[in-house]
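Contents: one structure, followed by commentary.
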Amino acid sequence: MAAGGGLWNRRSQAGGRPPARFLITLGAFGGASIIDSFLAVTDTEVSPQVGATLNVFPRSEVVASLDHPFRGVNRTAAQFFGETYVGDQGAFIDAHHANMLVATQTGTSVNHTLGQQRSITGNGAWNGRTLQEAVSIHHGEGFPLPNVTMGALGFREDGADDSVPAWARAHSISDPQRWPLSLDGLHGIDDAPTRDVLEIARSVRDESLDPHTRFTRTFLLSERLEAWKRMRGEDVPRLEDAGLLEKLNFGLDDPSLPPFDPADRAALDAAFGHLTVDPLQMQAAMAYLLIKNGLSVAVTLSPTWNVVTNPDATGEDHRIINTPLSFDYSHTQHRNTQTMMWRRMLNTLDPLIGLLRGAQHPEAPGESLFDHTVIYVATDFGRTKNRPEGSLGFGTGHGLNNGNLLLSGNLLAGGTLLGGVDPSTALTYGYDPSTGAPMPGTEMQERVMYSGILQALDVDRSGSGLPAVPAMLPG
Amino acid sequence: MRLEASSFLVSLLLVACGGGPAGASQSSTDGAESTGDVASDTSPTAPGSTTSADTDEPPEDDSDDGTDTSEEPPPPPTSPTANVHFKGPQRLENDLTAVLELDAEELCTEVGGASCTQDVHKVALGGVAPYDLGIYTPAGIGATAPIAVDRLTLQACMRRIDLDRESSDPVLFAVPQLGGGTADIGDPSAVAFIDGLYTRGLLRHPTEAETQTLLLMHADIAVSDSLLPGRDWGVATCFAVLTTTEFLFY
């Protein structure tokens with residue numbers, strides 16, 4: 001499917017720049033544990049005494065392959081909220097291992113909000129600038145909403161770098177289904193005056209009323225008023241002229257609205273099974289549409305701490321789509337929560353990757369959007385590694401030591417594991433950022449992950465003092 | 001869409017009024033003293049009903065203290081701090097419900113019936129969503145906020161104008177309708193309507209130029225594709241006034 005359209009065309013008129021690159025940040029809210037997924041440890045790797053008190057899995061529940069360095073946990077969470085959730089990480093790895101990079105790191109906070117924000121700022125590695133802001137500054141010129149966030153809590157917060165221009169800050173979307181309504185002043189309003197009338201009224205306001213008031217003269221120096229008038233004069237016509245409702249409105253089916261693009265309708269319906277009830281799938285669909293239609297270069301999504309249900313669930317559908325607290329329900333039931341939530345993450349990533357892989361980059365003929373995208377599965381922190389002796393229904397606390405999953409079509413060293421895990425402690429260890437050689441006994445700082453992602457996205461980091469991480473780049 | 005029929009007349013009027021509406025603003029504002037209640041004064045004799053354009057005279061000075069009334073009032077001092085803030089969803093809802101005498105529930109709803117200010121556009125308008133998204137402090141106002149404001153105000157104005165058109169005791173809009181669905185903007189009620197919007201929404205009377213600008217807008221709407229130009233003029237006038245920065249910021 002070819003991406004493209006008016007906004008891409010307008011951007012391409014500037015010419016002379018390399019194809020834009022994209023960052024999708026999936027916030028694994030609550031603490032996604034890397035040793036419950038791609039760095040799982042089996043009970044055969046440790047002594048029975050050690051294994052009984054560590055978060056290690058029966059050998060039968062862990063899959064591995066000689067084709068790649070990743071492991072996957074295939075276990076079933078039975079009677080979890082009264083339902084059964086079958087985890088099949090192996091299937092995701094089989095499909096995507098060539099595009100996967102797993103790198104270890106150790107965070108600096110076990111506070112959710114701080115941990116989440118540090119996962120996108122590298123713990124303030126570049127004056128507090130978020131990854132999304134840095135990517136927007138470098139690649140977002142010409143995009144109407146370069147940095148869009150649909151995530152929650154710390155994943156949604158702006159960075160602390162005051163030098164980041166306002167246009168590169170995150171634009172918040174609270175409801176991907178209904179947000180497209182805010183892209184047009186008239187569509188969907190029954191019995192509204194015509195567009196001509198609306199434009200007459202706007203013109204009178206902007207050209208004859210507003211400029212001449214004592215209020216305007218008094219507050220002539222207001223940057224907020226200046227920004228408002230700029231948005232009203234430049235951004236509004238640009239957004240409305242692009243006809244974005246028909247490109248982005250996948251969720252509202254109403255005769256008063258322009259029909260959603262039928263090709264995208266079919267693609268989204270085929271990709272996502274619960275697009276009408278699952279907020280995370282809605283976010284993923286919107287991420288795809290924002291990138292495909294040339295609106296954004298950095299998009300953030302995440303579940304929240306709220307339970308999500310599917311009241312119409314039948315057959316194999318689950319009534320509980322999202323646990324309370326997402327991954328943080330691990331406090332109560334670690335294994336089942338990690339099984340269910342990793343399943344949820346991977347079941348969201350898989351169709352999103354498929355959509356991006358199937359869409360051609362308008363600025364790079366013959367190459368897909370996925371080729372030019374990095375997907376970063378960020379998380380607050382890891383979980384504690386121990387358990388009561390022999391317990392299978394244990395709870396865990398917040399732990400600094402962890403690792404992350406990254407995916408890209410062509411921007412990362414696919415099929416690579418950077419670092420590793422010590423089976424005797426289940427703690428991850430570091431690697432040489434230059435060569436990728438494992439370095440047991442070391443830990444990786446958040447800034448290394450931060451820098452490696454920006455490097456893969458070809459963001460100009462000069463003057464930042466960030467380390468080079470060539471080990472993350474393709475050979 | 002740009003002004004057509006009336007644009008030249010508006011330009012002339014602005015020149016006649018001393019370069020812009022601000023030149024008459026102080027006169028109109030202080031004229032409120034004579035009305036007693038600026039929030040409810042919609043009488044045909046409210047300031048603005050006698051225009052400088054009618055008399056070919058410059059706007060009267062407000063002071064009535066024997067000074068030379070032919071001079072343009074001095075421009076307002078420019079605030080060095082210019083510390084103004086966008087109202088955000090709750091203040092906008094409060095103000096629009098008060099100005100238009102509507103219940104919050106009927107102010108504006110989007111497809112599906114969800115509230116514009118409490119739900120669909122809440123975050124876009126700078127609101128918080130602590131329980132759903134962990135937004136504890138207002139997010140920055142982004143590029144879609146002006147569109148959200150337009151949708152909110154347009155729907156609120158439609159509600160008020162449509163209610164008034166069907167009412168024997170209209171709140172704001174009592175302008176007689178003429179043939180072809182146009183409005184009789186020569187009727188004093190047209191000026192009173194504009195004055196009511198300003199006094200309720202901006203707590204001042206409109207300047208002469210502002211009144212004339214809005215009256216002349218009817219001519220543009222009458223030659224547009226509008227099927228109900230009189231009603232749409234009422235909506236457009238309400239919309240134009242209540243989406244000025246003077247109304248949206250404080």
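Labels below follow one simple rule: chain letters A, B, ... track the order of the sequence lines, proteins then strands, and each chain is numbered from 1.
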Kindly indicate whether the side chain of F249(B), heavy atoms from C-beta on, has any atom under 4.5 Å from the side chain of W228(A). yes

To the closest 0.5 Å, what do you measure between CG (L198(A)) and CG (D150(B))? 6.5 Å

All heavy atoms of P74(B) vs all of R214(A), minimum pair found to be O-NH1, 3.8 Å

Would T213(A) and T244(B) count as a side chain to side chain contact (heavy atoms under 4.5 Å, CB included) here? Give the steps. CA-CA 10 Å; T213(A) 65; T244(B) 56; over 6 Å; no

What is the minimum heavy-atom distance between L221(A) and A82(B), and which atoms define it? C-CB, 3.7 Å

Given heavy-atom pairs under 4.5 angstrom as the criterion, report whether the side chain, backbone, both or neither of N306(A) touches chain B. side chain

So, W305(A) side chain and Y131(B) main chain: donor-acceptor pair closer than 3.5 Å or not? yes

Applying a strict 4.5 Å limit to non-hydrogen atoms, the region of L181(A) in contact with chain B is both

How many angstroms lie between atom CG of D184(A) and atom OG1 of T144(B), to the nearest 0.5 angstrom? 12.5 Å

Within-4.5 Å side-chain heavy-atom neighbours: L209(A) and E210(B): yes

So, the part of R202(A) with a heavy atom under 4.5 Å from chain B: the answer is both

Donor-acceptor contact present, side-chain R151(B) to main-chain H187(A), <3.5 Å: yes

Whatever's closer than 4.5 Å to a heavy atom in chain B on T113(A) counts as neither

R205(A) and T243(B): side chain donor to acceptor below 3.5 Å: yes

With a 4.0 Å cut-off, would you call D119(B) and R178(A) a salt bridge? yes

Side-chain contact, heavy-atom cut-off 4.5 Å: D196(A) with I221(B)? no

Nearest atoms (heavy-atom pairs only) where D191(A) meets R231(B): O-NH2, 2.9 Å

Give me the atom names and distance for the closest heavy-atom approach of A236(B) to V197(A). CB-CG1, 4.1 Å

Given that the side chain runs from C-beta out, which part of S302(A) has a heavy atom under 4.5 Å from chain B: side chain, backbone, both or neither? neither

Quick one, D210(A) with T245(B), criterion side-chain hydrogen bond (donor to acceptor under 3.5 Å, both in side chains). Give me CA distance, side-chain angles, the key distance, then yes/no. CA-CA 7 Å; D210(A) 247 350; T245(B) 53; 3.0 Å; yes

Can you tell me if E226(A) has over 12 outside heavy atoms packed within less than 6.0 Å of its CD? no

Looking only at non-hydrogen atoms, find the nearest pair between I147(B) and G185(A) and report the distance. CG2-N, 3.6 Å

Spacing of CG belonging to L248(B) relative to CZ belonging to F215(A), to within rounding of 0.5 Å: 9.0 Å

Closest heavy-atom pair and its distance - T304(A), D132(B): CG2-O, 3.2 Å

Please report the interatomic distance NE2(H121(B)) to OG(S174(A)), rounded to the nearest 0.5 Å. 9.5 Å

Could you tell me if D225(B) and T194(A) have a donor-acceptor pair between their side chains, going purely by distance under 3.5 Å? yes

Do the side chains of V120(B) and D175(A) get nearer than 4.5 Å, heavy atoms only? no

So, the part of E234(A) with a heavy atom under 4.5 Å from chain B: the answer is neither

At a 4.5 Å cut-off on heavy atoms, which part of L186(A) comes close to chain B: side chain, backbone, both, or neither? both

Got more than 12 heavy atoms from elsewhere within 6.0 Å of CG, D253(A)? no

Roughly how far, to the nearest 0.5 Å, is the OG atom of S182(A) from the CD atom of E110(B)? 9.0 Å

Identify which part of R224(A) has an atom lying under 4.5 Å from any heavy atom of chain B, answering side chain, backbone, both or neither. both

